[in-house]
Each structure stands twice: as structure tokens, then as C-alpha cells.
K.L.:
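Pasting in a structure now, in C-alpha cells, and then I'll have a few things to ask.
Predicted model, so just to flag it, every value in this text is computed and none were measured. Chain letters run A, B, ... following the sequence lines, proteins first and then strands; every chain starts at 1.
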Amino acid sequence: VPGMNSGLSPADPTLVAAFRSALLHQGLIALLVTAFLGLLWATARVWRPATARTAPRAGVSTRSGEPRGRLVLRVGFGLLWVLDGILQAQPKMAGGLAAQVIEPAASSSPAWVQHLVNWGGTVWSFHPVTAAAAAVWIQAGIGAWLLVAARGPWSRLAGLASVAWGLVVWVFGESFGGIFAPGLSFLTGAPGAVLIYVLAGALVALPDSAWRSPRTGRLLLAGIGVFFAGMAVLQAWPGRGFWAGRINGQPGTLAGMVTDMSGTAQPHFLSALVASFGSVAASNGFAVNLAAVIVLAALGAVFLTGRAALIRYAVWVGLAFCLADWVLVQDLGFLGGLGTDPNSMIPWVLLFFAGQLALTPEPAPEAEVAGTAEVAGKAGAAVMSAGAWSVAAAAAVAIVLVGAVPMAAAAASRTADPILAEAIAGDTAPLNVTAPGFSLTDQNGQPVSLAGLRGKVVLLTFLDPVCTTDCPIIGAEMKQAGVLLGAADKNVELVAVVANPTYRSTVFTQAFDREEGLDTVPNWLYLTGSYSQLSKVWQQYGITVENLPAGAMSAHNDLAVVIDRAGQIREEINADPGPGTASTQSSFSVLLSQYARQALASS
Amino acid sequence: LTGHGRAAARVGAWAAGTALTALAAGCGTQAAPPATPTPPVQAAPLATSLVTAQGTWAVTVMGGTAATDNDFWQLFLRPAGGTRWSLVTPEGVADNGGLVATAGAGGTSLLAGFRPSQGLAFSPLAASSNAGQTWAPGLLDAALADVPDALAVAPSGQTLALLSDGSLSVAASAAAATAGRWSGLATRATLAATGPGRQCGLAAVNAVTFGPGNAPMAAGSCVRRGVAGVFADVGGRWQAAGPVLPGGFGADQVQVLGLAADGGGGNVALLRAGADLLAAWSRDGSWTVSAPAAAGAVTASGFGPAGSMWVLAGGRAETIGGPGQAWRALPAVPAGTSTLAAGPGTSYDALAGSGSTLTVWRLGAGGWSQVQVIKVPITYGSSG
């Protein structure tokens with residue numbers, strides 16, 4: 001899964017600070033938009049006819065017409081989305097989600113899944129701050145949207161939004177909930193918590209008429225029943241490792257997961273509880289699995305009967321079972337600093353309670369069935385009240401857009417955000433000092449002096465032509481920076497000076513150029529000279545170069561310098577490429593090209 | 001649907017769900033069918049030693065083993081007539097990818113090549129004519145093969161390189177090699193397409209050297225059983241130049257693990273034929289093949305003076321003194337031995353690297369005794 005790991009620490013302070021800043025900025029925008037919409041609505045309310053203004057508040061009666069099953073799903077999943085949005089705001093999310101959540105989730109899936117997920121993960125690792133902030137606002141926005149839009153098109157649209165974003169998260173965040181990976185189990189979250197959000201969203205998006213019939217409840221519970229029966233079979237299937245508490249002396253499939261979860265950062269009492277259950281599962285693997293299989297099969301069978309009397313008890317059994325699993329196996333799901341949701345058990349509970357409520361739908365409220373002139377006054381008030389909820393729903397949509405629009409723009413960009421390079425390079429301060437001059441020889445044997453480059457911006461760095469690690473990466477970053485400069489590239493020289501006391505002839509600079517594809521870059525100069533010439537340049541620019549013994553490559557510090565058209569140094573950048581991943585390389589290219597543009601503009 | 005119909009539908013749904021799940025479970029746990037076995041093409045590991053006029057050189061890997069980036073290949077020299085080893089690894093270039101050494105023109109110098117690793121795609125070279133005190137850089141603008149006999153220098157200075165893709169490059173002189181002026185001599189495909197290449201069913205090229213009349217030679221692994229794939233470029237035409245193995249090896253696949261010039265106009269070769277090791281010597285185009293020795297997994301091998309050879313295989317050390325002699329098992333080598341070196345005299349040194357410590361053991365009448373410990377200043381993490 002090559003693209004999704006930026007290689008940076010999730011707790012990188014630059015990333016964390018940028019993420020916090022983005023959340024504050026976007027939060028402010030969301031607040032302003034909400035306030036603006038509220039103001040609009042209040043203004044419109046003032047100008048409404050007096051009858052509407054003085055009519056009794058009918059919001060409660062309008063809202064009370066919502067079928068109870070739908071209400072459970074809408075409010076329950078609305079709260080869950082809001083919680084997920086809050087969890088997405090954890091500081092480590094920007095730098096950690098792709099590498100520590102998405103990538104591990106995809107690692108055991110087939111290659112085609114990894115390929116697909118890699119696309120999404122790469123978008124995240126290229127734009128970690130934008131993506132992380134987007135996830136916060138999109139999820140919080142959808143949650144708020146579900147909560148405030150009780151009825152009508154706004155509400156059904158909220159359900160559809162839940163479906164759409166849920167599918168995105170299920171595919172790219174959960175690798176299809178791991179359904180294509182081995183070890184699939186209901187107990188550990190299969191088929192992915194967000195798929196249940198998707199189902200709930202689809203149910204919320206159903207027309208009211210669907211909720212007025214017990215058929216919806218029966219179908220929902222039957223579907224859950226089939227699923228639970230299937231999960232019971234999977235749980236009982238021989239050879240999948242669930243019957244064994246220990247395998248080759250190690251905790252078995254279930255006990256292993258529980259043991260891993262107990263190591264998550266969490267309150268001690270909880271980790272002790274989970275660890276205890278891990279020990280129980282390891283010692284009594286057969287009994288624990290037997291209990292799980294029996295409960296799953298029994299719940300599946302009862303839900304399939306469609307008999308309300310039985311289902312009434314089954315949902316409470318299901319509640320107990322799911323809560324036990326949520327605490328003892330899934331360890332609440334959202335701890336550890338990178339938990340994105342409370343996993344699958346709470347969504348399941350909401351789903352089968354909604355199904356049970358939908359088995360016995362209540363009749364439509366009077367206002368909806370009457371449709372007579374007598375209720376016209378109430379209806380007008382309801383419109384007024386519904387208007388308030390619509391404004392609130394519009395504000396929620398605005399919150400979604402606050403995250404979605406920048407994310408869409410970022411996803412369309414093929415280059416990474418410069419924040420990654422800034423996180424690696426550390427702080428830089430604008431300079432205005434004269435660049436030390438030099439006269440060296442380029443890769444073609446032609447003399448080149450810095451003075452001769454006056455009138456152009458020079459991106460200068462120091463590279464070892466036989467280096468195995470940083471220098472090829474920096475060379476590639478310089479080349480890409482030239483590409484990003486576009487037409488401005490003709491006013492910029494990309495210059496490297498050899499940083500190796502031994503392997504420094506043009507034979508090696510040419511070989512390096514061919515290796516990195518720099519031999520076709522017209523404004524690329526790889527300069528070298530005698531040892532004394534090079535030593536002088538290294539000293540002037542603060543570069544320490546030395547050969548190390550015993551098979552180590554020549555050591556030197558990584559530095560890039562931006563020299564303006566007048567020969568003044570404008571920026572000094574720590575050019576250490578860090579982990580040298582695709583995202584950090586791209587990020588450095590963007591940063592270098594930005595500095596070059598600034599130097600072009602300033603002189 | 002009637003009540004009974006609904007019940008039947010539910011049972012059907014249950015059955016369908018169960019069947020689908022069972023199918024999914026079956027798919028999830030189904031083992032892939034075993035792949036058809038293909039004949040292995042084994043090349044000799046890089047750990048080796050060689051003897052030049054300057055002394056005996058040993059190549060071995062040190063450092064860490066958990067991460068490849070912490071494996072640093074080292075070159076040690078025991079000067080001619082001396083008994084102590086010293087570290088002479090060329091500086092200025094990372095050698096995590098591997099180090100290949102060969103005697104320079106006339107055996108008066110040493111040419112070392114560095115296999116590329118990580119972001120480096122070509123092979124820097126280093127040549128020394130003063131026993132490793134100073135090194136002159138050179139360039140092979142391609143990836144050197146991962147075999148100990150990937151470089152060869154003719155007495156004229158003409159230099160031959162075996163690349164990682166199995167092709168051969170040649171530089172007309174030592175100066176040309178230093179300046180990176182190499183040209184292609186053959187690819188594995190063109191060599192395989194020649195008459196002798198087809199006769200052998202050439203699967204891989206494992207070694208290069210120069211033969212009589214400075215003819216470039218290449219050797220490798222043949223698919224055809226009982227055939228030793230050794231070829232010489234005589235006047236621009238590749239000819240079969242390998243030994244004919246005794247009939248007892250007609251059913252064995254033969255791989256040339258090592259091939260070198262013996263310094264006297266002939267060549268020496270180390271072959272694996274099935275489960276046996278064979279030594280072979282050529283003089284005036286005629287080969288002498290030794291009796292077999294049990295092969296095992298070869299971890300290091302090398303050529304010594306006067307056509308001698310040694311092999312570390314399966315934890316055993318076997319040596320052979322030259323044509324007409326038999327393989328001789330040395331006493332069990334000290335733990336951690338990574339390479340052997342002929343001498344001093346008729347003795348052998350065993351070099352055992354562990355982390356940044358090299359321990360030298362010498363074989364005497366009473367067995368192996370420790371004679372030297374060298375602390376190697378490895379810069380861990382410098383290539384990570």
C-alpha cells in the first residue's frame with residue numbers, strides 16, 4: 001500500500017498545530033454561515049404575516065408525526081455521526097489516520113482492495129490537514145443535519161448524505177469493513193460499522209409511507225436475521241480459528257484481538273476488564289465461541305420469524321449481547337487517540353430497536369391526514385416552524401460543505417500540501433544576505449559561476465552523486481519543483497553542488513542526472529570542481545562533508561537555498577527529505593516551487 | 001403471501017444466507033494450489049576472498065542483519081607475507097547493496113565494485129594499486145550483478161562486468177572503466193540465443209572472467225542437464241568453453257558458482273552439479289574436473305593460489321589444492337565464520353563477523369585458534 005503513509009509521526013507538532021488551526025478557521029466559517037442563515041430566517045420571520053407569527057408553535061406536533069423507528073435511526077445515527085466528527089478532531093488524526101488506521105485495515109485485504117484504498121489513503125496523506133478537517137465537518141454536519149431535519153425532503157436528503165459519506169468511509173476508511181479479508185467476525189465489527197450507518201441512512205431516506213407499514217420493520221428484521229444467521233455460521237465454521245482460545249501457544253483469533261485492544265490507551269479499569277476477558281477467551285475459547293454462535297443464531301432465527309412478541313425480548317437480549325461485545329471485545333472502539341467511531345455494536349442496537357418499533361407503526365398524525373381548511377392555521381404555523389428547522393438543516397449542510405469543498409479541491413490536486421515539508425524542515429525565516437559566489441564546472445564540463453546566473457532565481461542544494469538515500473530524493477524534488485513552476489521555470493535555475501570528496505567528477509554527476517532523469521531538464525546544473533574548490537563552497541554555505549569508514553556513504557547535511565535574481569539569499573531550508581515518501585517528496589517540491597515564486601515576485 | 005408462504009420464504013432466506021456465508025467462509029479459507037516447482041538458479045553469495053600480488057583480500061558482510069540498510073560489506077586485506085588483517089573498505093560510497101572485488105591488471109591492483117542499493121541505480125567502482133591505502137573512483141553506469149565474480153580485469157586492463165540483468169558490459173581499459181566508458185558486450189538473451197547458449201539452455205549468467213588470449217568468458221546455469229554453461233567470446237563469436245562433466249552427472253542441473261583466471265593463462269571454476277560440488281581447471285582449453293564433494297547450501301566460496309578453492313557449505317569448510325587433488329574437509333569452522341581465506345602458507349584463516357567485530361581464526365595443527373580481533377567502525381543508520 002505505497003502511497004498512504006506520509007512517514008511523519010501522527011503527533012508531529014507542526015501537523016497537529018496546522019490541524020487545530022484549520023479546525024478553528026473552518027469552525028469560524030461554519031459559525032458565521034450558521035449565524036447568517038439564522039439572521040436571514042429571523043429577518044424573514046419579522047416580515048411574515050402576523051397570523052403566522054402569532055400562531056401557536058406547532059413544531060412539536062409536526063415532529064411528533066415522525067414514525068418512532070425512523071426517529072430512533074435519525075436521532076441515534078445523527079448523534080453517532082456527531083460523535084464520529086468529534087473523534088475525527090483528535091490531534092493525531094491528520095498525521096495518523098492513513099498510516100495507522102486505513103493502511104492496517106487494508107493490509108490483509110486482496111490486492112484490488114488495497115489498490116482502491118490506496119487511492120483514498122494517498123489523498124489523505126497528500127492533504128492530511130484538509131482531509132482530517134473535512135472528515136470532522138462532514139461527519140459533524142451530517143449528524144447535525146439528521147438531528148435537526150426531522151421530516152420532509154431535508155430529512156430524507158440527510159439520510160442520503162449519510163449513505164453517500166458512509167460508503168466513502170466504508171470503502172476507503174474500513175477497506176469494505178474487511179469483508180474481503182480473512183478472519184471476518186461479527187464480534188470484531190464485520191461487516192464494518194459504517195455499513196450500518198449506510199443502511200440506517202437509506203432507511204431514513206425512505207418516504208414516510210414506507211414507515212407507515214409494518215413491512216419495513218419485517219424486512220429490516222428479516223435482513224438482520226439472515227445476516228446474524230450467516231455470522232453465526234462464520235463464527236462456527238471450522239478452521240477459522242474461533243474455537244481455539246490459543247493457537248500454537250499464542251492467543252487465538254478472538255483472544256488475540258481482545259488482548260491487543262487491552263493495550264490501547266484507556267482508563268485502567270477498562271483495560272483490566274478487557275484484559276481479563278482476553279484471558280477468559282484464551283482459556284475457554286470453545287465455550288466463549290459457543291456462546292457467541294448460539295446467541296447469533298438465536299437472534300437471527302427470532303428476527304426472521306417476524307413475530308413481534310418474540311422480537312420484543314430478542315432486542316433486549318441483543319442489546320445485552322452487543323453491549324457486552326462492545327465493552328469486552330471492541331473495547332468501546334474509539335479509544336487510543338485514533339479511534340474514529342464506537343465500532344459496530346451501538347449501530348446494531350439502534351438498528352434492531354428501530355426494526356422492532358417499525359413492526360408496529362403508529363398512524364399518520366392528524367395534520368397529515370386531514371388536509372382540511374380547519375387545520376390551515378396550524379399548518380401555517382407548522383410551515384413557520386418547519387422553516388426554522390429547514391434553516392437549521394441548511395446550516396448543517398453548510399457545515400458539511402465547509403469540509404467537503406476544500407477536500408474536493410485537494411483531492412483534485414496531484415501535489416501534496418507543503419505542510420508535510422514544513423513539518424520536516426522546521427521553521428524557516430526569510431533572509432536577505434548576499435549569496436557567496438562560486439565558480440565551478442557543470443555536468444557537461446562547462447564553467448558556471450553564481451554571478452553568471454544573476455537575473456534568475458537559483459534553487460541551490462548540495463548532493464552526493466553516489467548517495468543512496470537523501471540525494472536521489474532531493475534531486476527528484478528539485479526536478480518536480482521545476483515542473484510545478486510551469487512557465488516561470490525559465491526564470492529559475494535548479495542548481496546542485498557535489499557533496500562528496502571522492503566521487504565528484506562529471507562522470508558521476510552525469511550518472512546521477514541520468515539516474516534521476518535530470519539529464520533532460522534544461523535548467524538543471526550539477527556543479528563540481530576540485531576538492532579545494534568544493535571545500536570552499538561547502539564552507540561558505542555551512543555544508544559539512546566527510547567520508548565515513550566501513551562502507552558508509554559520505555555524510556553531509558541537507559540544505560536548500562533560494563537565491564533571488566539579485567544574488568541575495570531569501571530562504572534557507574533544511575532539505576532533509578525525511579521519510580522520503582511520495583507525499584513528502586511532493587510536498588517538498590511544492591514548498592521549493594513556492595519559495596522560488598516568492599523570490600521571483602520579490603525581485 | 002400466506003402465513004405458510006412467508007414462513008417458507010423466511011426459511012429460504014435463512015438457507016440462502018447460510019449457504020452464501022458458508023461459501024464465503026470456504027472461499028476465505030481455501031488454500032492456493034501449490035505452484036509448479038521450477039529449477040532453482042543458485043548463485044554464489046558475495047562473501048569471498050581472493051589472492052593478488054598485494055596480498056589476500058576478503059569480502060564479508062558486517063553490521064546488523066535485521067535491516068538490510070544496516071548490512072555493511074567490508075573489505076579486509078592481509079598483505080602478502082603478512083599475518084595480520086586490516087580494514088581497507090573504500091570510502092565515499094555506501095556498500096549496503098554488496099561489494100564485489102577482483103584482481104586488477106596483472107594482479108598488481110584491486111578493483112572493487114559496489115552494488116546499488118536504495119536510491120542508487122548504478123555501481124560506483126574503486127581501484128587501488130597500493131594495497132588499499134588510497135582508492136581511485138570509477139563508474140559502471142548500471143547495476144552490478146549480485147555474484148562474487150561479477151567483475152574481471154584482463155592483464156591488458158580490459159574490464160568485464162556482469163550486470164544484474166544478466167548482460168555483460170566491457171570497458172576497453174582500466175582508464176575507460178574509471179571514466180565510465182563501458183559498452184555492451186552481450187545480453188543474457190543474446191548469449192542464450194547463440195549455439196552454445198541454446199545447447200545449454202542458459203537460464204542465468206553467474207560469473208565473468210577472461211580466458212586464454214584475453215577472451216571474455218561468461219558462465220552460468222543451464223536448464224539442460226549435465227551441461228556446464230561456460231562460454232568464451234573468441235573473435236566476436238561466443239563458443240562453448242566449459243568442461244565436459246563425467247557421465248555420472250548427466251541427470252544433474254549444473255550451475256557455475258564461480259569462474260576466474262588462475263593467473264597463469266588458465267581458468268578455475270566452481271560448479272554445482274545436483275547435490276555435488278565440483279572444481280574444474282582449464283589449461284590450453286582442456287579442463288580437468290575434480291571428484292565431487294557434497295554441496296549443501298553454499299554460504300561463501302573463493303579461489304586461492306595455484307588453482308586452489310574453498311567452499312563454506314552447510315556449516316562445513318571444504319578445500320581443494322588444485323588439479324589432481326581431492327576435496328579436503330577442514331576442521332569445523334568457528335561459529336559465525338562468514339568467509340575463509342587461503343594462507344598464510346598452507347594454512348587458512350576463518351573470518352567471523354558479528355556486528356562490528358571481526359574475529360580472525362587461523363588453522364593450525366591443533367585446530368582453529370583466534371589470532372586477531374578487529375573493531376570495525378560501522379556507522380549504523382547512515383544508510384537508513
K.L.:
Report which part of A:Pro549 has an atom under 4.5 Å of a heavy atom belonging to chain B: side chain, backbone, both, or neither.
P.N.:
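When you check distances to chain B, atoms from both the backbone and side chain of A:Pro549 fall under 4.5 Å.
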K.L.:
Name the member of B:Leu99, B:Leu139, B:Thr379 that forms the most heavy-atom pairs with chain A at distances under 4.5 Å.
P.N.:
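That would be B:Leu139.
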K.L.:
Considering only heavy atoms, which portion of B:Ala136 lies under 4.5 Å from any heavy atom of chain A: side chain, backbone, both, or neither?
P.N.:
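Neither the backbone nor the side chain of B:Ala136 comes within 4.5 Å of chain A.
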K.L.:
Which atom names give the shortest non-hydrogen contact between B:Asp141 and A:Ala511, and what distance separates them?
P.N.:
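Taking every non-hydrogen atom into account, OD1-CB, 4.1 Å.
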K.L.:
Between A:Ile179, A:Asp464, A:Val466, which has the largest tally of heavy atom pairs under 4.5 Å with chain B?
P.N.:
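Option with the greatest count: A:Val466.
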K.L.:
Please classify the contact of A:Glu546 with chain B as side chain, backbone, both or neither, using a heavy-atom distance under 4.5 Å.
P.N.:
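A:Glu546 has no heavy atom closer than 4.5 Å to chain B.
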K.L.:
Using non-hydrogen atoms only, which part of A:Cys471 is less than 4.5 Å away from chain B: side chain, backbone, both, or neither?
P.N.:
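For A:Cys471, no heavy atom lies under 4.5 Å from chain B.
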K.L.:
Identify which of B:Val376, B:Thr178, B:Thr89 forms the greatest number of heavy-atom pairs closer than 4.5 Å to chain A.
P.N.:
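Result: the option with the highest number of such pairs is B:Thr89.
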K.L.:
For A:Arg504, is it the side chain, the backbone, both, or neither that has a heavy atom closer than 4.5 Å to a heavy atom of chain B?
P.N.:
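Neither part, no heavy atoms under 4.5 Å.
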K.L.:
Test side chain to side chain contact (heavy atoms under 4.5 Å, CB included) on A:Met553 and B:Val93; report intermediate values, then the result.
P.N.:
CA-CA 4 Å; A:Met553 72 179 140; B:Val93 59; over 6 Å; no
K.L.:
Does B:Asp95 use its side chain to pair, donor to acceptor, with the backbone of A:Ala552 at less than 3.5 Å?
P.N.:
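Looks like no, no N/O pair under 3.5 Å.
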K.L.:
Using heavy-atom distances under 4.5 Å, tell me whether B:Leu140 contacts chain A through its side chain, its backbone, both, or neither.
P.N.:
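Neither the backbone nor the side chain of B:Leu140 comes within 4.5 Å of chain A.
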K.L.:
Please identify which of these residues, B:Pro90, B:Pro124, B:Pro137, meets the side chain to side chain contact (heavy atoms under 4.5 Å, CB included) condition with A:Thr502.
P.N.:
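Answer to the side chain to side chain contact (heavy atoms under 4.5 Å, CB included) test with A:Thr502 among B:Pro90, B:Pro124, B:Pro137: B:Pro137.
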K.L.:
May I ask you to decide if B:Leu125's main-chain N or O and A:Tyr503's side chain share a donor-acceptor pair within less than 3.5 Å?
P.N.:
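Yes, A:Tyr503 side chain to B:Leu125 backbone: donor-acceptor pair under 3.5 Å.
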K.L.:
Could you check which of B:Ala126, B:Gly138, B:Pro116 has the highest count of heavy-atom pairs closer than 4.5 Å to chain A?
P.N.:
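Ranked by contacts with chain A, first place is B:Gly138.
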K.L.:
Counting only non-hydrogen atoms closer than 4.5 Å, does B:Glu91 touch chain A with its backbone (N, CA, C, O), its side chain (CB onward), both, or neither?
P.N.:
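Both backbone and side chain.
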K.L.:
Please classify the contact between B:Leu87 and chain A as side chain, backbone, both or neither, with a heavy-atom cut-off of under 4.5 Å.
P.N.:
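For B:Leu87, the contact with chain A is made by the side chain alone.
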K.L.:
Can a donor-acceptor pair be found, under 3.5 Å and without considering hydrogens, that links the side chain of B:Gln118 to the backbone of A:Thr468?
P.N.:
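No; judged by distance alone, with no hydrogens or angles, the pair does not exist.
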K.L.:
Under a 4.5 Å heavy-atom cut-off, does chain A meet the side chain of B:Tyr380, its backbone, both or neither?
P.N.:
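B:Tyr380 has no heavy atom closer than 4.5 Å to chain A.
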